S.K.: 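To start, I am sharing the structure in question, which I have written as structure tokens.
No experiment lies behind these values; they were computed from the predicted model shown.
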Amino acid sequence: MFKYYCLNNIASEGLRKFSALYERTDDIEQADGILVRSAKMHDMEFSDKLLAIARAGAGVNNIPLDRCAEKGIVVFNTPGANANGVKELVFAGMLLASRDIVEGVDWVRANWKNPNIAKVAEKEKKQFAGTEIRGKRLGIIGLGAIGVRVANAAIDLGMEIYGYDPYVSVDAAWNLNRSVKHVTDVKEIYELCDFITIHVPALPSTKNMINKDAIDMMKDGVILINMARDSLVDENGR
């Protein structure tokens, strides 16, 4: 019998997949395995009993990999498990940003009691016209499980896709629509695209990859979507 501890909330649908060989415990010191989502584990001490850590997600930057290797703790992740959900959020973000939907909702909430709202709305609606995404250039940085899904769905919406990933896997390449334009220099995405979405892991090499220099190369009015990690964007503008 192996015991596992949930460091974050894990959906019961997933936990039910454990066989009778596994038992959930509320005592982390007695756990053979730990399930984690976003909790930071770098300052945690691990018992000698711990055999494995499983991350319910793709990135493992919240897990101290070096210490785990030293102690013989195996680390698993689940790349692609949330790929479709993130893909849908990317398009939600694109539509919200390009069509001024949030601002339009705020306007309605502020004016819904106005007895002449229909007339006023007819006059004011041009503020929230925004722009269509069809025909626009979408740059995708990172063509893993999420990036490939975003690329293929965006093509169906009539967008022109530019994809950058120097380490794209064979499986990803097989699944990628052939009309995606392969970019070998990320600067091309910065300079050409109307929308840019990032899907890379948080690594020392990707930290602050979107910085002032990158933004200076981008078109005016570009919409940048980061559904990956906050450390990829330098918000201080350096």
S.K.: Just wondering, are more than 12 heavy atoms of other shown residues or ligands nearer than 6.0 Å to CD in E132?
M.R.: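 No, not enclosed.
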S.K.: Return the minimal non-hydrogen interatomic distance between I140 and I189, and the atom names on each side.
M.R.: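 Scanning both residues, the minimum pair turns out to be O-CD1, 3.8 Å.
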S.K.: Take atom CG of D66 as the centre, draw a 6.0 Å sphere, and report whether it contains more than 12 heavy atoms from other residues, nucleotides or ligands.
M.R.: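 No, CG of D66 has 12 or fewer neighbouring heavy atoms, counting only those of other groups under 6.0 Å.
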S.K.: Between R55 (side chain) and V60 (backbone), is there a donor-acceptor pair under 3.5 Å?
M.R.: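 No; judged by distance alone, with no hydrogens or angles, the pair does not exist.
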S.K.: Does atom CZ of F2 have more than 12 heavy-atom neighbours from other groups under 6.0 Å away?
M.R.: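 No.
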S.K.: Would you name the heavy atoms of P79 and A58 that are closest together and state the gap between them?
M.R.: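 Looking at all heavy atoms of both residues, the shortest contact is CA-CB, 4.0 Å.
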S.K.: Taking all heavy atoms of K87 and all of I146, pick out the closest pair and write down the distance.
M.R.: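 Heavy atoms of K87 and I146 come nearest at N-CG2, 4.4 Å.
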S.K.: Can you tell me if NZ on K207 sees more than 12 non-hydrogen neighbours from other groups inside 6.0 Å?
M.R.: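 Not more than 12 within 6.0 Å, no.
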S.K.: Please check if the side chain of D185 supplies one atom and the backbone of E188 the other of a donor-acceptor pair under 3.5 Å.
M.R.: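 Not confirmed, D185 side chain does not pair with E188 backbone.
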S.K.: On a heavy-atom basis, which atom in R229 and which in N61 lie closest, and how many Å separate them?
M.R.: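 Shortest heavy-atom contact: NE-OD1, 3.3 Å.
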S.K.: Give the intermediate values and the outcome of side chain to side chain contact (heavy atoms under 4.5 Å, CB included) for residues F46 and I73.
M.R.: CA-CA 9 Å; F46 301 130; I73 300 170; 3.9 Å; yes
S.K.: Quick one: does H199's side chain have a donor or acceptor within less than 3.5 Å of a partner on V150's backbone?
M.R.: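 No, H199 side chain to V150 backbone: no donor-acceptor pair under 3.5 Å.
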S.K.: Write down the atom of R37, the atom of A56, and the distance for their closest heavy-atom approach.
M.R.: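 Scanning both residues, the minimum pair turns out to be CG-CB, 3.9 Å.
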S.K.: With no hydrogens and no angle check, is any side-chain donor or acceptor of R16 less than 3.5 Å from a backbone partner on A11?
M.R.: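 Looks like no, no N/O pair under 3.5 Å.
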S.K.: I'd like to know if D234 pairs up with K212 as an ion pair, taking the criterion as any Lys NZ or Arg NE/NH1/NH2 lying under 4.0 Å from an Asp or Glu carboxylate oxygen.
M.R.: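 No salt bridge links D234 with K212.
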S.K.: Taking atom CG of D48 as the centre, does the number of heavy atoms from other residues, nucleotides or ligands within less than 6.0 Å exceed 12?
M.R.: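 Counting other residues, nucleotides and ligands, CG of D48 stays at 12 neighbours or fewer.
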S.K.: Applying a strict under-4.5 Å side-chain criterion to I, L, V, M, F, W and Y, I'd like to know whether V36 and L65 cluster together.
M.R.: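 Result: yes, single cluster for both.
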S.K.: Would you check if there is a donor-acceptor pair between the side chains of N177 and S179 at a distance under 3.5 Å?
M.R.: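 There is such a pair (donor and acceptor under 3.5 Å, judged by atom type) between the side chains of S179 and N177.
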S.K.: Is there a donor-acceptor contact under 3.5 Å from the side chain of T206 to the main chain of L232?
M.R.: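 Looks like no, no N/O pair under 3.5 Å.
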S.K.: Report yes or no: do I196 and V168 belong to one cluster of Ile/Leu/Val/Met/Phe/Trp/Tyr joined by side chain heavy-atom distances under 4.5 Å?
M.R.: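 No: no chain of side-chain contacts under 4.5 Å links I196 to V168.
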S.K.: Walk me through whether F18 and L35 qualify under side chain to side chain contact (heavy atoms under 4.5 Å, CB included).
M.R.: CA-CA 12 Å; F18 279 114; L35 303 184; 3.9 Å; yes
S.K.: Between T184 and H182, does any side-chain donor sit less than 3.5 Å from a side-chain acceptor?
M.R.: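 Not at all, the side chains of T184 and H182 share no donor-acceptor pair under 3.5 Å.
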S.K.: Check whether N77 reaches the backbone of G59 with its side chain - one donor and one acceptor, N or O, closer than 3.5 Å.
M.R.: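 The answer is no, because no donor-acceptor pair under 3.5 Å joins these two groups.
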S.K.: Can you establish whether the number of heavy atoms outside K219 located under 6.0 Å from its atom NZ is more than 12?
M.R.: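 Enclosed.
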S.K.: First locate atom CG of L176, then atom CZ of R149, and finally report the distance between them rounded to the nearest 0.5 Å.
M.R.: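 With rounding to 0.5 Å, CG (L176) is 13.0 Å from CZ (R149).
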S.K.: Do any N or O atoms from the side chain of T78 and from the backbone of A81 form a donor-acceptor pair under 3.5 angstrom?
M.R.: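 Checking the backbone N and O of A81 against the side chain of T78, no donor-acceptor pair under 3.5 Å is found.
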S.K.: Looking only at side-chain N and O atoms, does T131 offer a donor or acceptor that is under 3.5 Å from a partner on K136?
M.R.: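 A donor-acceptor contact under 3.5 Å links the two side chains.
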S.K.: For the aromatic rings, using the six-membered ring if either is Trp, is the centroid distance between Y4 and Y22 under 6.0 Å?
M.R.: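 Ring-ring flag for Y4/Y22: false, centres at least 6.0 Å apart.
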S.K.: Above 12 or not: heavy atoms from other molecules or residues under 6.0 Å from CG of N9?
M.R.: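 Not more than 12 within 6.0 Å, no.
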S.K.: Going hydrophobic residue to hydrophobic residue with side-chain gaps under 4.5 angstrom, can you get from M227 over to M209?
M.R.: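 In one cluster: no.
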S.K.: Would you check if the side chain of N175 reaches a backbone N or O of D171 as a donor-acceptor pair within less than 3.5 Å?
M.R.: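 At least one qualifying donor-acceptor pair exists.
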S.K.: Given I141, which of V200, N226, V183 fulfils the side-chain contact (heavy atoms from CB on, under 4.5 Å) condition?
M.R.: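 Passing option: V200.
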S.K.: Under 3.5 Å, is there a donor-acceptor pair linking the side chains of Y162 and E160?
M.R.: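 Short answer, yes.
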S.K.: Please confirm whether the backbone N or O of G142 pairs with a side-chain atom of D165, one donor and one acceptor, at under 3.5 Å?
M.R.: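 Not a single qualifying donor-acceptor pair exists.
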S.K.: Grouping I, L, V, M, F, W and Y whenever their side-chain heavy atoms are under 4.5 Å apart, do V180 and M94 come out in a common cluster?
M.R.: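 In one cluster: yes.
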S.K.: Any donor and acceptor pair, going by atom type alone, linking the side chain of N62 with main-chain N or O of A39 inside 3.5 Å?
M.R.: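 Side chain of N62 to backbone of A39: a pair is present.
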S.K.: Would you say CG of D26 has more than 12 non-hydrogen atoms from neighbouring residues, nucleotides or ligands within 6.0 angstrom?
M.R.: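 For D26, atom CG is not crowded (no more than 12 foreign heavy atoms under 6.0 Å).
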